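Not measured: the values here are computed from a predicted model. Values below: every heavy atom of this structure, side chains too, minus hydrogens, waters and symmetry copies.
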Amino acid sequence: MTDSIMSKAATMEIPINSNGDTGTLTEDDSLEQAAQIQWRLDEKDLQQVMVSGPNLNETSIVSGGYGGTAEGIIPTSSIKGPGIRYNPTMLGRRILPLGQGPNMHQSHSSSAVTAEEATRGVAVEKFDIVKKWGINTYKCTKQMISERFGRGSRTVDLELEAQIDVLRDTKRKYENILRLARALTNHFYSMVQTQRALGDTFSDLSQKSPELQDEFGYNAETQKLLCKNGETLLGAINFFVSSINTLVNKTMEDTLMTVKMYENARLEFDAYRADLEELNMGPRDAVTLSRIEAAQQQFQIHKDKYERLRSDVTIKLKFLEENKVKVMHKQLLLFHNAISAYFAGNQQQLEQTLKQFNVKLKPPGADKPSWLEEQ
């Protein structure tokens with residue numbers, strides 16, 4: 001039955017002429033054929049036609065009349081387009097292009113939600129950090145103002161505070177020694193350069209003045225010897241200045257940085273201690289009890305931090321005192337022996353002093369850049 005229906009359906013093809021007008025068919029024949037197809041095609045036959053019908057990729061489009069030539073036939077397999085397969089169950093549904101569908105939309109939406117959640121999490125974390133910093137700053141500022149106006153109490157370690165004051169005073173005095181030693185180095189360097197220039201001038205005049213050759217000669221030798229000893233003394237003074245600079249600007253400064261952290265921890269400890277005391281003096285309802293518990297936890301955290309830094313400061317002050325005594329004993333002895341040997345004119349003693357303290361002298365002109373670096 002299906003073959004008869006398809007043969008009759010083929011006779012229903014309407015030819016198209018070159019002007020796009022339909023061909024002439026008798027009205028009776030067309031009505032009779034349409035009535036026969038309508039009577040035979042029920043719902044079951046229609047499904048069979050769709051399932052067992054010809055493949056759409058193998059059909060042809062006829063542009064001529066019935067029984068036309070092959071020149072007007074275009075294979076549908078040569079038409080480029082998106083890969084859509086024919087399925088009778090897809091009738092009445094919207095066909096999406098390849099790569100677009102519910103799964104793609106779900107993946108895009110899930111990735112967007114994940115990115116949004118990550119951004120929201122970072123924002124909440126930053127907000128919490130700023131909030132904690134603001135609360136801590138407010139409490140510390142309040143405590144500082146209360147201490148300055150005498151309305152608040154502060155935790156005081158008398159022994160440690162005295163050691164910190166001694167350290168600050170010692171640092172100021174050592175900075176003064178460092179400033180004076182640098183000034184001595186600059187002045188003495190200028191004197192050595194003047195002696196060198198004076199010795200060169202005496203040596204030149206001894207060659208050009210035969211009548212005063214001996215006098216100019218031994219004066220030139222004296223100035224050159226003084227210049228050599230002066231350079232040796234400059235090496236000792238520079239070593240002294242370098243050691244004092246390390247002691248003041250590195251060792252002492254590192255200890256004072258720890259002291260500053262300790263003082264900040266002490267202020268935070270007193271601020272949270274005062275906050276806890278204020279809450280303990282208030283009513284004891286459910287809200288207040290929860291706030292007291294939170295304040296107790298913060299107080300314990302800052303108390304541990306304060307005690308840890310206080311221990312660190314105590315240890316560093318002890319090590320600093322031992323290091324200061326050791327360094328200054330060596331440097332003061334070097335400074336004294338070098339100055340005494342130079343002004344006594346004892347060249348051997350001056351050189352022996354530098355060897356004793358492992359002071360290495362730079363060769364003349366070592367501080368000057370080479371001619372390649374000057375280019």
Under a 4.5 Å cut-off applied to non-hydrogen side-chain atoms, are [X] and [Y] in contact?
X	Y	value
Phe216	Ser209	yes
Asp312	Tyr262	no
Leu160	Ile164	yes
Leu226	Thr222	yes
Val359	Thr353	no
Val156	Glu161	yes
Tyr342	Gln347	no

Item checked: In one Ile/Leu/Val/Met/Phe/Trp/Tyr side-chain cluster, 4.5 Å: Phe269, Leu279 ->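 Shared cluster, yes.
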
Check: Same hydrophobic cluster for Leu178 and Ile339, using side-chain heavy-atom links shorter than 4.5 Å among ILVMFWY?
Finding: yes

What distance do [X] atom [atom1] and [Y] atom [atom2] have between them, rounded to the nearest 0.5 Å?
X	Y	atom1	atom2	value
Met261	Tyr306	CE	OH	15.0 Å
Gln298	Ile301	CD	CD1	4.5 Å
Ile177	Arg179	CD1	CZ	11.0 Å
Asn346	Gln352	CG	CD	10.5 Å

Next item on the list: Keeping to residues at least two apart or across chains, list the salt bridge (Lys or Arg N to Asp or Glu O under 4.0 Å) pairs with something in residues 199-211.
Entry: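 Listed by first then second residue: Asp204-Lys208.
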
Next item on the list: Using the salt bridge (Lys or Arg N to Asp or Glu O under 4.0 Å) rule, collect all pairs that involve residues 265-276, keeping only residues at least two apart or in two chains.
Entry: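 Output for this query lists Lys139-Asp275, Glu147-Arg266, Arg266-Asp270, Glu268-Lys305, Asp270-Arg273, Arg273-Glu277.
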
Are more than 12 heavy atoms from other residues, nucleotides or ligands located less than 6.0 Å from atom [atom1] of [X]?
X	atom1	answer
Met191	CE	yes
Lys228	NZ	no
Arg310	CZ	yes

For [Y], is there any backbone N or O sitting under 3.5 Å from a side-chain donor or acceptor partner on [X]?
X	Y	value
Ser242	Asn238	no
Ser311	Glu307	no
Asp254	Lys250	no
Thr170	Val166	yes

Check: Would you call Lys324 and Glu321 a salt bridge, taking side-chain N to carboxylate O under 4.0 Å as the test?
Finding: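 Counted as a salt bridge, because a side-chain N and a carboxylate O are separated by less than 4.0 Å.
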
Notebook entry, point to check: Is it true that Glu175 and Arg182 make a salt bridge, defined as a side-chain N closer than 4.0 Å to a carboxylate O?
Noted result: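 Salt bridge absent between Glu175 and Arg182.
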
Checklist line | Side-chain donor-acceptor pair present, Asp304, Gln300, cut-off under 3.5 Å | finding: yes

List the residues meeting side chain to side chain contact (heavy atoms under 4.5 Å, CB included) with [X], not counting sequence neighbours, and say none if there are none.
X	result
Thr255	Leu167, Lys316, Leu317, Leu320
Phe319	Ile315, Glu322
Glu159	Asp157, Gln163
Gln297	Glu293

Item checked: Contacts of type ring-ring contact (aromatic ring centres under 6.0 Å, His included), residue Tyr272, not counting sequence neighbours ->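 In terms of ring-ring contact (aromatic ring centres under 6.0 Å, His included), with neighbours along the sequence ignored, Tyr272 is linked to His302.
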
Next item on the list: Output all residues satisfying ring-ring contact (aromatic ring centres under 6.0 Å, His included) with Phe357, sequence neighbours left out; order by chain, then residue number.
Entry: none

Notebook entry, point to check: Which pairs with one or both residues in residues 149-170 pass ring pair (Phe, Tyr, Trp, His ring centres under 6.0 Å), sequence neighbours excluded?
Noted result: none

Margin query: According to ring pair (Phe, Tyr, Trp, His ring centres under 6.0 Å), does anything in residues 225-250 pair up with another residue at least two apart or in another chain? List the pairs.
Written below: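 For residues 225-250, and leaving out neighbouring residues, the ring pair (Phe, Tyr, Trp, His ring centres under 6.0 Å) pairs sorted by first residue read Phe240-Phe335.
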
Next item on the list: For Asp214, check side-chain hydrogen bond (donor to acceptor under 3.5 Å, both in side chains) against everything at least two apart and list the hits.
Entry: none

Margin query: Is it the case that the ring center of Tyr218 lies less than 6.0 angstrom away from the ring center of Phe202?
Written below: no

Next item on the list: Could you list who else is in Leu180's hydrophobic cluster, with ILVMFWY side chains joined at under 4.5 Å, directly or through other members?
Entry: none

Item checked: side chain to side chain donor-acceptor pair (under 3.5 Å) evaluation trace for Gln213 with Ser206 -> CA-CA 4 Å; Gln213 183 177 5; Ser206 67; 5.8 Å; no

